[in-house]
A.B. asks: 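Have a look at this one.
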Amino acid sequence: MTRLVLPSPGNEAFASSLAREIGAEVGGVESRRFPDDETYVRLLCDVAGREVVVVASLRGPDRLFLPLAFLADAARDLGAARVGLVAPYLAYMRQDARFRPGEAVTSRTFARLLGSAFDWLVTVDPHLHRHRGLAELYAVPTRVAHAAPSVAEWIRREVPDAFVLGPDEESAQWTSDVAARAGVPHVVLAKIRGGDRYVSVSAPDLDAVRGRTPVVVDDIVSTARTMIAAVRMLGEKGFADAVCVGVHAVFAERAYEELSAAGAARVVTCDTIPHETNAIGLTRAVGDAVRFLPRDQSGAPAAGDGAH
Ligand code: R5P
């Protein structure tokens, strides 16, 4: 039976494109807030015996989690065979350790909560730093789609004289891959974060990339302080205005406006969080990841599904 894709509100475009990619149908969901702020959820399609694929980008997870849990539970209650979650952006990945006594390690708690609601999870480039893989966090099957091939293709097409700049050591895992695929040089900065909104960066010798257009690549743009620090440093060193490419367009408060005002020539993101800067589509990569999920308890991928 074909899969049934259910978009969480705001995820309709990604869900339709994903459904085309995996040959699934799109179903409807009605959801609203009661006057007292509790949530009403109603499935507008028959899910009995179907594999349900809920699509929800998790920017703003505190507000999104309960409606998603209600939706997944209702689908299961109405006879869905399995209920999986495609979360193009997976939240709560950065508090992955107890940095100060008493702190909640929210990456673990959130994984337990999501894993209790869904049978599997597919996401794009989760922020993995101290956790080596999603399997360390999630007990349910997970698959990760990668943005690097699509980001590299975009750079090759739009900025052929680029050099890729990773704003911190953590970003090197993505930026080295992007640069290699795009066939351009690669530089990584050292970053010091003094607080949520205080970031400074220092650069190694940049003589080898002088004359090229800087493309700053990062997985998440949240306050944009990291990208702003990189853009300013490049300006001070006499480079052309930088192109900024983020995978996940979190953009807290006025971060996008502030990044543009800091001198970015262009700000481009992938479509994992709906935003006006989305220019790089990832539904094909996500579709591949969904196709490669185990279809039965043995953990084997479905016959004919390509490896990711
Ligand atoms: C950090 O480890 C991430 O890779 C990003 O560099 C970071 O999340 C960006 O945050 P912000 O936009 O708030 O500087």
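First listed ligand is number 1; within each ligand, the first listed atom is number 1.
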A.B. asks: Between R94 and S107, does any side-chain donor sit less than 3.5 Å from a side-chain acceptor?
C.D. replies: no
A.B. asks: For D219, counting its heavy atoms only, list the atoms of ligand 1 lying under 4.0 Å from any of them.
C.D. replies: 3 (C), 4 (O), 5 (C)
A.B. asks: Can you tell me the protein heavy atom closest to atom 2 (O) of ligand 1 and the distance?
C.D. replies: E170 OE1, 2.8 Å
A.B. asks: Write out the residue and atom name of the closest protein heavy atom to atom 13 (O) of ligand 1, then the distance separating them to 0.1 Å.
C.D. replies: T223 OG1, 2.5 Å
A.B. asks: Is the closest N or O pair between D196 and ligand 1 shorter than 3.5 Å?
C.D. replies: no
A.B. asks: Scan side-chain atoms only and decide if S200 and K191 contain a donor-acceptor pair under the 3.5 Å cut-off.
C.D. replies: no
A.B. asks: Would you say the side chains of H248 and D219 form a donor-acceptor pair under 3.5 Å?
C.D. replies: no
A.B. asks: With no hydrogens and no angle check, do the side chains of S57 and N11 hold a donor and an acceptor under 3.5 Å apart?
C.D. replies: no
A.B. asks: Can you check whether L234 reaches V216 side chain to side chain, under 4.5 Å on heavy atoms?
C.D. replies: yes
A.B. asks: Any ring-ring contact (aromatic ring centres under 6.0 Å, His included) involving residues 56-84? Give me the pairs, sequence neighbours left out, ordered by first then second residue.
C.D. replies: none
A.B. asks: Looking only at N/O atoms, are V221 and ligand 1 under 3.5 Å apart anywhere?
C.D. replies: no
A.B. asks: Which of these passes side-chain contact (heavy atoms from CB on, under 4.5 Å) with F118: L71, V86, L68, V140?
C.D. replies: L68
A.B. asks: Check whether any heavy atom of R94 sits under 4.0 Å from an atom of ligand 1.
C.D. replies: yes
A.B. asks: Just by modelled atom types, is the A87 backbone N or O under 3.5 Å from a matching donor or acceptor in the T123 side chain?
C.D. replies: yes
A.B. asks: Do me a favour and list the nearest non-hydrogen protein atom to atom 10 (O) of ligand 1 with residue, atom name and distance?
C.D. replies: R193 NH2, 3.1 Å
A.B. asks: Closer than 4.0 angstrom: is that true for some heavy atom of R197 and an atom of ligand 1?
C.D. replies: no
A.B. asks: At under 4.0 Å between heavy atoms, is it the side chain or the backbone of D168 that contacts ligand 1, or both, or neither?
C.D. replies: side chain
A.B. asks: Do V151 and V267 sit in one hydrophobic cluster, given that two such residues count as connected whenever their side-chain heavy atoms are within less than 4.5 Å of each other, even indirectly?
C.D. replies: no
A.B. asks: Could you tell me if D218 and S171 have a donor-acceptor pair between their side chains, going purely by distance under 3.5 Å?
C.D. replies: no
A.B. asks: Check for me whether H129 has a heavy atom closer than 4.0 Å to any atom of ligand 1.
C.D. replies: no
A.B. asks: Can you tell me if A224 contacts ligand 1 (heavy atom of the residue under 4.0 Å from the ligand)?
C.D. replies: yes
A.B. asks: Just jot down the ligand 1 atoms closer than 4.0 angstrom to any heavy atom of T226, in number order.
C.D. replies: 6 (O), 9 (C), 10 (O), 11 (P), 14 (O)
A.B. asks: What is the closest protein heavy atom to atom 1 (C) of ligand 1, and at what distance does it sit?
C.D. replies: H127 CE1, 3.6 Å
A.B. asks: Which atoms from ligand 1 have a heavy atom of K191 less than 4.0 Å away?
C.D. replies: 1 (C), 6 (O)
A.B. asks: Can you tell me the protein heavy atom closest to atom 9 (C) of ligand 1 and the distance?
C.D. replies: I220 O, 3.3 Å
A.B. asks: Numbering the atoms of ligand 1 from 1, which are under 4.0 Å from a heavy atom of D218?
C.D. replies: 4 (O), 5 (C), 6 (O)
